[in-house]
Amino acid sequence: MPRLRRNLSTLAEWDPVILDYARAVALMQDRPLLSPSSWRWQAAVHGFHDGLLEPGEDPDPALVEDFWNQCQHGSWYFLPWHRGYLSAFEAIVRDAVLETGGSEDWALPYWDLGRPEWQRLRPEFCTPELPDGGRNALFVEARRPGFETGDVGIDPRSVALDRILVEPEFGGDSRGGSTGFGGPETGFFHGPGATGALEGGIHNYVHGRVGGPGGYMSSFEEAGLDPVFWLHHCNVDRLWEVWRGRDARHLDPDAAGWRTGPLGRPFRLYRSDDELWTFTSEEMVDTRAEPLGYEYEDVGDPLGGTPPPTHLRGFGARARRRGMGVAAMVGRGRRIDVLGAIAPGVSLGGGRRTARIGLAPPPTARSRKSLAGAAPSAERYLLNLENITGVDPGQAYRVYVNLPDDGDPDTEERHLVGTMSLFGVARASDPDGEHSGNGLSYVFDVTELVGRRPDGTRDAEALTVDFVSDDDGLRDDAANVGRISIVRER
Amino acid sequence: MIRSLASAGVAQPAWPLFAAAATWAFLFAGPPAVQMPLLCGGGGLPPGQAVGFLLRVHQWPRLVLSGVPMLFAMTLPFVVAPLGHVAARAGPSRAAAQAAFLLGYALPWAVALPALGAVSLFFRWLPYGVGVCAWGALLWQETAWKLGAHRRCHARPPLRWGAVAAVSDSARFGARAGWWCVASCWASMLLAMSIGGLPAMLLATAIALLERERFARPLRGSRLLRAGRAATRRLAPASGATGLPPGRAVPIR
């Protein structure tokens, strides 16, 4: 019988699920770093840096390379890897729950942000004491200032799922086209890079809002140290189920490269101090199968069955293969044309900043009829924000296209295309880091806005991109977008 | 990289791989006159005399031209990803921008190869010189400089829009990429040249590709030694291969 992962947001205060979690976390926090069932080891699997070592600790570099810093980001492995990671963590916590006298059916709850009243930190994470007066391990100070009130400044618009759950394809591309729901095709990739819609949307945003300028959740290397991290990722994992369930065309990749995991570097995690577990993406598909063995309380469609926008109906794996004939049998035939770009892009601070991009006419369609299929008929326009660098990973900017100069971002929501969170920006901006200071990347679908002036008439020559921050006290160059471009994908 | 060429999304330029493979085939099957490692043997003379010897035996244009296919064969596999970056962003100037990138990329190597070739003559002449060079190359693999240069090879800078801007930015990108490629791989290239022969050059290329594509980090001699010890221990009951406290068995599934 699969264990039930429940909605944290609907639990009563100090529900046994939460209390068991708090006691288990405390037990795990007392274990040494080199114990795979310790809190710090579990966090290090996601990310680790030498600054987290305590005096006298000197782990073998091979151990660090083989078992820590493993999180997959900016990759189509983001979802399956994190699913395995959560499963292993859940198993370890359950063992600790049993040790502390809790329920053997304990399962990780998920932090659903689907309602405004749920978009606050639960009280159990904001108080340093348990109901019995003991230390509450769910309370960590390394969060956004003022988190003790529960308010971390989550904007409902930035955790909305309407643009994320309509993404037609799981996988995507990291060179300008859609990055898909789950992320671009990569090998073993520790990120950061161009992210899929789910990761780049609600996932990144909540990390930054809870972590703030310097909290655990704002750092790849420290996020796992915050007990909220696991509940947030549980919700992210749940949304994978929601996406698959809401549309029969929403399919996981069937490519061998995804199903069997990164070539030559399998995913390996400890499910206890003594059990090393190797898994592949295809083994993560069915949550009810062992060793996952769980299901979610609610995987209903929060969009109420709303169909995808018209321009997306021609996309999706099967639609693409039908349209591309023989070409689809040997490749997926995605064509991307850059219509305009500016580099450098724009420097961001507080308030509103605007960039203007001139557009070249789309290339005329050369005949690309394949032997047995028709030319592609679906197209979408994508806004690419690349080489995003900065210093404050807790920052986020709402992104608008063709917002009138005198338009109010708070009311002109039809121009809102998404939220650009700077989670991971410090690491991504480091030229000596793993990815050479390339910065972050975001891709937003702007099809419904491209080529239309605010008054609805067409303007095929240019468009404007506005970045809006509601945070106060930002310096003028808090962040920088290195390149802004518009592409057409067919 | 191989898989990514057949991936969804914008096609990575596949021609560098095919060109590299064709060039290796040409080098192995072609006349010795085009095999730079043979031309640069130096005859076992002291380095200073070897250089003069080479220049008297082979006209310098032949030496230069023989280096071109060697350069292509060894470096083309590494330009697939950055060329894809250029191709996806240069718009209508795509072809010119890619050509500019390649020219920029070749420039640091054009300077480095003769210098490394001259130094390799020293190691060929020195008793046990190849061994000394090999130790030096292994030590270099362990350094933070190697790691830093390896990482810098992944830089993907923003490229401006417009014919002239895209081409000039691509050329600069190529030159920087080539420089960091040299900085990362000079030691293994020097070792291969000191050993001499196409198989050594091919092996150096393969190791660099493993670093880039499979491990995403420099291959370190210390790690190879640890892997060897771990493999040996698996033949007998053991623990602690991963640095965990002794007494914890680690069954690997």
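Below, chain A is the first sequence line, B the second, and so on; all start at residue 1. Note that these values count all heavy atoms, side chains included, but never hydrogens, waters or copies made by symmetry.
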Notebook entry, point to check: Yes or no on salt bridge (Lys or Arg N to Asp or Glu O under 4.0 Å) for E386(A) and R156(B), after CA distance, side-chain angles and deciding distance?
Noted result: CA-CA 10 Å; E386(A) 299 177 273; R156(B) 301 287 182 264; over 6 Å; no
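- Residue P157(B) touches chain A through its backbone alone, counting heavy-atom pairs closer than 4.5 Å.
- Heavy atoms closer than 4.5 Å to chain B are found in the side chain of N387(A), but not in its backbone.
- When the candidates G482(A), G439(A), S485(A), P431(A) are compared by the number of heavy-atom contacts under 4.5 Å with chain B, P431(A) comes out ahead.
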Next item on the list: Mind running side chain to side chain contact (heavy atoms under 4.5 Å, CB included) on I342(A) and R160(B) for me, showing each step along the way?
Entry: CA-CA 6 Å; I342(A) 55 171; R160(B) 289 177 294 164; over 6 Å; no
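- Contact of R89(B) with chain A is made through backbone and side chain together, with heavy-atom distances under 4.5 Å.
- Between the side chain of N438(A) and the backbone N or O of H154(B), at least one donor-acceptor pair lies under 3.5 Å.
- More than 12 heavy-atom neighbours from other residues, nucleotides or ligands sit within 6.0 angstrom of CZ on F267(A).
- Of the atoms belonging to L147(B), not a single heavy atom falls under 4.5 Å from chain A.
- Heavy atoms of other residues, nucleotides or ligands lying less than 6.0 angstrom from CH2 of W179(B) number 12 at most.
- No part of P59(A) comes within reach of chain B, as not one of its non-hydrogen atoms sits under 4.5 angstrom from that chain.
- Looking only at distances, no side-chain donor or acceptor of R151(B) sits under 3.5 Å from a matching main-chain atom of S436(A).
- For the pair V338(A)/W161(B), a side-chain contact is recorded, criterion being any heavy-atom separation below 4.5 Å from C-beta on.
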